> 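Below: one structure in structure tokens.
Note that this is a predicted model, so its numbers are computed, not measured.
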Amino acid sequence: MRIALCSDVYPPTVSGNATVVARQAQTLASRGHEVTVFAAGSPSTIKKTGKNLYHVGIPWIANPIRLSHQIGIARPGQILRVLHLRKPDVVHIHSPGPIGLSSLTAAKQLGIPVVATLHGQPEFLTSYTPWIPSVITDQLHDAAWQFAAWFYNQADMVTTPSHFFAKVLQAHGITQPTLAIPMWIDTPEKITISQTLPKASRQTTSFLYFGRIDPDKNLEVLLLSAKILQKRLPK
């Protein structure tokens, strides 16, 4: 198959979303599919970055809220022209930002089936703007979900990382067929937590976190909750 992956975040940006898109692109290409990734990069270029793998650079500006991220700004018709040239069998959109929106519009014009993935709830964006009053924040959350429902209801299929979040999407008005697909978790070696702990620690319960240390991850809440839990259930 010829597959287009469209994302507003992509390596070297550090993000779970970016990691998923990169791993998906590499895996599909290794299986013989022709994969074209639309993401921020050098403008007006189609670079071959591996066997069966191509990167279409989209012009970008720095994200003023998340300084380590970019905001892709596709020139009018850029994604439409490249999709017409590459002729993908399916377009898989991984974010509802400017690149995702331009890709959705172009795919619809060309009659290409669209799969859209929602990796996280829209509210996470306001975790980077704690100075905004809560009344306004609530309104922003409502507006973000309304936009998400409008965006994802235009896709032919919606995917999300968990069954729980699939229900959350439905509760917020996303009516398109939704499939829960946890991505991207690899287990190259079967290993249990007990094998990694000292013998003296094997009778205790351990919680491991692997991910970004950013406001939207709410790690402070997690640590405070663990402290409360330890007091209430010491064993």
> Do Q170 and T178 pair up side chain to side chain, a donor and an acceptor below 3.5 Å, judged on atom types alone?
no
> Using only atom types and a distance under 3.5 Å, with no angle test, would you say the side chain of Q176 pairs donor to acceptor with the backbone of A155?
yes
> Would a distance-only check, ignoring hydrogens and angles, find a side-chain to backbone donor-acceptor pair under 3.5 Å from D89 to R2?
yes
> Less than 4.5 Å apart, side chain to side chain, heavy atoms only: is that true for S225 and L229?
no
> Any luck finding a side-chain donor-acceptor pair between Q121 and H172 under 3.5 Å?
no
> Has F164 got more than 12 heavy atoms of other residues, nucleotides or ligands less than 6.0 Å from its CZ?
no
> Are Y54 and E34 side-chain neighbours, meaning at least one heavy-atom pair lies under 4.5 Å?
yes
> L85, I58: one ILVMFWY side-chain cluster at the under-4.5 Å cut-off?
yes
> Answer yes or no: is there a side-chain heavy-atom contact under 4.5 Å between V9 and S95?
no
> Are L222 and L233 connected in a single hydrophobic cluster, I mean Ile/Leu/Val/Met/Phe/Trp/Tyr linked by side-chain heavy atoms less than 4.5 Å apart?
no
> Look at the rings of F151 and F147 and say which category their plane angle falls in: under 30° parallel, 30 to 60° tilted, over 60° perpendicular.
tilted
> Can you tell me how far the CG atom of D138 sits from the CD1 atom of I132, to the nearest 0.5 Å?
11.5 Å
> So which heavy atom on L104 is nearest to which on V114, and how close?
CD1-CG1, 4.1 Å
> With a 4.5 Å cut-off on side-chain heavy atoms, are T129 and I65 touching?
yes
> Given side chain to side chain contact (heavy atoms under 4.5 Å, CB included), test Q146 with W150 step by step and report yes or no.
CA-CA 6 Å; Q146 290 175 16; W150 171 83; over 6 Å; no
> Tell me whether N153 contacts the main-chain N or O of G173 through its side chain, where contact means a donor paired with an acceptor under 3.5 Å.
yes
> Side-chain heavy atoms nearer than 4.5 Å, only ILVMFWY residues, links allowed to pass through others: does that put V21 and L179 together?
yes
> Using 0.5 Å steps for rounding, measure from the CD1 atom of I99 to the OG atom of S7.
7.0 Å
> Contact between L80 and Q109 at the side-chain level, heavy atoms closer than 4.5 Å - yes or no?
yes
> Looking at OG1 of T117 and CG of L5, how far apart are the two atoms once the value is rounded to the nearest 0.5 Å?
9.5 Å
> Do the side chain of K87 and the main chain of H84 share a donor and acceptor less than 3.5 angstrom apart?
yes
> Quick check: closest heavy atoms across A22 and P11, and the distance to 0.1 Å?
CB-CG, 3.7 Å
> Does a sphere of radius 6.0 Å around NZ in K47 hold more than 12 heavy atoms from other residues, nucleotides or ligands, not counting ones at 6.0 Å or beyond?
no
> With hydrophobic residues grouped by side-chain heavy-atom distances under 4.5 Å, do V168 and L140 end up in a single group?
no
> Can you tell me how far CG of N63 sits from OG1 of T13, rounded to the nearest 0.5 angstrom?
10.0 Å
> Indicate the atoms forming the closest heavy-atom contact of H92 with Q24, along with that distance.
ND1-NE2, 3.2 Å
> Might you point out which heavy atoms bring A25 and V37 nearest each other, and give the distance in Å?
CB-CG2, 3.8 Å
> Would L101 and L110 show up in the same hydrophobic cluster when neighbours are defined by side-chain heavy atoms closer than 4.5 Å?
yes
> Checking H33 against N52 for the side chain to side chain contact (heavy atoms under 4.5 Å, CB included) test, could you report, in this order, the C-alpha distance in whole Å, the side-chain angles of both residues, the deciding distance, and whether it holds?
CA-CA 7 Å; H33 301 288; N52 303 323; over 6 Å; no
> Any chance CD1 of I213 has more than 12 other-residue heavy atoms, nucleotides or ligands included, within less than 6.0 Å?
no
> Would you call P88 and I3 a side-chain contact if the rule is heavy atoms closer than 4.5 Å?
no
> Could you please spell out the steps behind the side chain to side chain contact (heavy atoms under 4.5 Å, CB included) verdict for I61 and Q70?
CA-CA 6 Å; I61 61 174; Q70 301 83 33; over 6 Å; no
> Do V91 and V115 have side-chain heavy atoms sitting under 4.5 Å apart?
no
> Check whether any side-chain heavy atom of T160 sits under 4.5 Å from a side-chain heavy atom of L169, and report yes or no.
yes
> Do the side-chain N and O atoms of H141 and T126 include a donor-acceptor pair separated by under 3.5 angstrom?
yes
> Between CG of L53 and OG of S30, what distance do you get to the nearest 0.5 Å?
10.0 Å
> Less than 6.0 angstrom separating the ring centers of Y10 and H94, yes or no?
no
> Can you give me the closest heavy-atom contact between P96 and Y152, atom names plus distance?
CD-OH, 3.5 Å
> How close do S15 and H69 get, heavy atom to heavy atom, and via which atoms?
CB-NE2, 3.9 Å
> Can you tell me how far CG of L83 sits from OG of S103, rounded to the nearest 0.5 angstrom?
6.5 Å
